[in-house]
Amino acid sequence: MTTSTTDPSPAPAGRRSWLRDHSELGVCVMLLVLGALVLTDALTMDVDLTQRGPVGPRTVPLVVGAGLLVVAVLLAVDVMRGGRGEAETGEDVDLSEPADWRTVLLLTGVFLGSAVLIEPLGFPVAGALLFWGAAFALGSHRFDRDPLIAATVSLVAHTVFDNLLGVPLPGGPLMGVL
């Protein structure tokens with residue numbers, strides 16, 4: 001009695017090879033899902049027709065969602081025709097060096113800290129801490145000028161958003177003084 005054994009490894013290896021060669025299809029799937037979510041959200045948005053102008057709040061999400069779907073389909077067609085994305089060739093990136101986790105963690109902490117402090121301290125103070133903290137985390141250690149630049153950028157951003165664009169940002173306790 002002879003038993004025939006088939007080696008199951010070539011089939012999965014062939015499938016893995018095909019998936020590796022067409023890995024960009026994962027990006028296509030992500031774009032399709034994202035586009036479908038954006039379109040679904042835009043179409044189910046509760047909009048009062050009497051309060052909107054000629055371009056309502058659904059317009060931009062509909063255009064973005066449709067654009068995501070079109071890009072996903074075009075990318076999938078290109079991948080299936082043999083198109084491949086080019087590998088990054090960063091001039092100043094040494095891929096043999098480990099990641100700088102200290103900088104990543106400092107930036108994450110500064111961002112989360114400013115998100116927590118924006119309500120009690122207001123955008124000008126929290127924004128200044130965010131900009132100064134980001135500059136510090138990225139290597140600038142000029143304690144004489146960095147806080148001043150951060151405060152100026154934060155105040156200008158608050159003024160632009162609050163007064164010119166009409167996007168209310170929390171002013172905090174300093175807004176009575178300024």
Side-chain angles (χ1 to χ4, degrees), residues 19-20 23-42 45 55 57-72 74-75 78-79 83-178:
L19 287 175
R20 190 177 308 117
S23 60
E24 290 92 349
L25 291 175
V27 175
C28 298
V29 170
M30 182 192 67
L31 290 173
L32 277 171
V33 169
L34 189 60
L37 285 173
V38 169
L39 286 175
T40 302
D41 193 37
M45 187 183 297
V55 177
R58 289 183 180 170
T59 305
V60 172
L62 288 173
V63 169
V64 169
L68 285 168
L69 294 178
V70 168
V71 167
L74 292 175
L75 180 60
D78 181 55
V79 169
R84 303 237 349 139
E86 291 185 27
E88 284 292 322
T89 57
E91 297 172 5
D92 59 348
V93 176
D94 186 7
L95 297 177
S96 65
E97 290 293 318
D100 185 8
W101 289 107
R102 178 187 178 272
T103 301
V104 171
L105 293 174
L106 279 173
L107 285 172
T108 302
V110 165
F111 179 75
L112 293 175
S114 67
V116 168
L117 295 174
I118 195 168
E119 224 17 81
L121 298 181
F123 182 82
V125 174
L129 291 173
L130 172 68
F131 297 137
W132 177 71
F136 180 82
L138 293 172
S140 179
H141 298 286
R142 296 282 310 264
F143 296 112
D144 55 338
R145 70 164 188 198
D146 288 348
L148 294 173
I149 293 172
T152 303
V153 168
S154 182
L155 285 172
V156 168
H158 183 269
T159 302
V160 167
F161 275 92
D162 201 46
N163 297 338
L164 299 177
L165 297 176
V167 177
L169 295 174
L174 288 180
M175 285 294 98
V177 176
L178 300 174

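Scanning all heavy atoms of the two residues, the minimum distance from Leu130 to Phe111 falls at CD1-CA, 4.0 Å. Leu69 and Ala36 make their closest contact through CD2-N, 4.0 Å (heavy atoms, listed as atom of the first residue, atom of the second, distance). Nearest heavy atoms, Leu62 versus Ala42: CD2-CB, 3.9 Å. For Met45 against Pro61, the heavy-atom pair with the smallest separation is CE-CG, 4.4 Å.
Partners of Val70 by side-chain contact (heavy atoms from CB on, under 4.5 Å), not counting sequence neighbours, listed by chain and number: Leu74.
Using a 4.5 Å heavy-atom cutoff, the side chains of Val110 and Leu129 are not in contact. Leu106 places none of its side-chain heavy atoms less than 4.5 Å from the side chain of Leu138.
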Return all side-chain donor-acceptor pairs below 3.5 angstrom for residues 116-125, not counting sequence neighbours, or 'none' if the list is empty.
none

Pairs under 3.5 angstrom only: tabulate donor-acceptor contacts from the side chains of residues 145-152 to other protein residues two or more places apart or in another chain.
{"residue": "Asp146", "atom": "OD1", "partner": "Ser140", "partner atom": "OG", "Å": "3.3"}
{"residue": "Asp146", "atom": "OD2", "partner": "Ser140", "partner atom": "OG", "Å": "2.6"}
{"residue": "Asp146", "atom": "OD2", "partner": "Arg142", "partner atom": "N", "Å": "3.3"}
{"residue": "Thr152", "atom": "OG1", "partner": "Leu148", "partner atom": "O", "Å": "2.8"}

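A distance of 7.5 Å separates CG of Leu25 from CG of Leu75, quoted to the nearest 0.5 Å. With values rounded to the nearest 0.5 angstrom, Phe136 atom CZ is found 10.0 Å from Thr103 atom OG1. Leu31 contributes atom CG, which lies 12.0 Å from atom CD of Glu24 (distance to the nearest 0.5 angstrom). Going from atom CG of Asp162 over to atom CG of Leu155 covers 11.5 Å, rounded to the nearest 0.5 Å.
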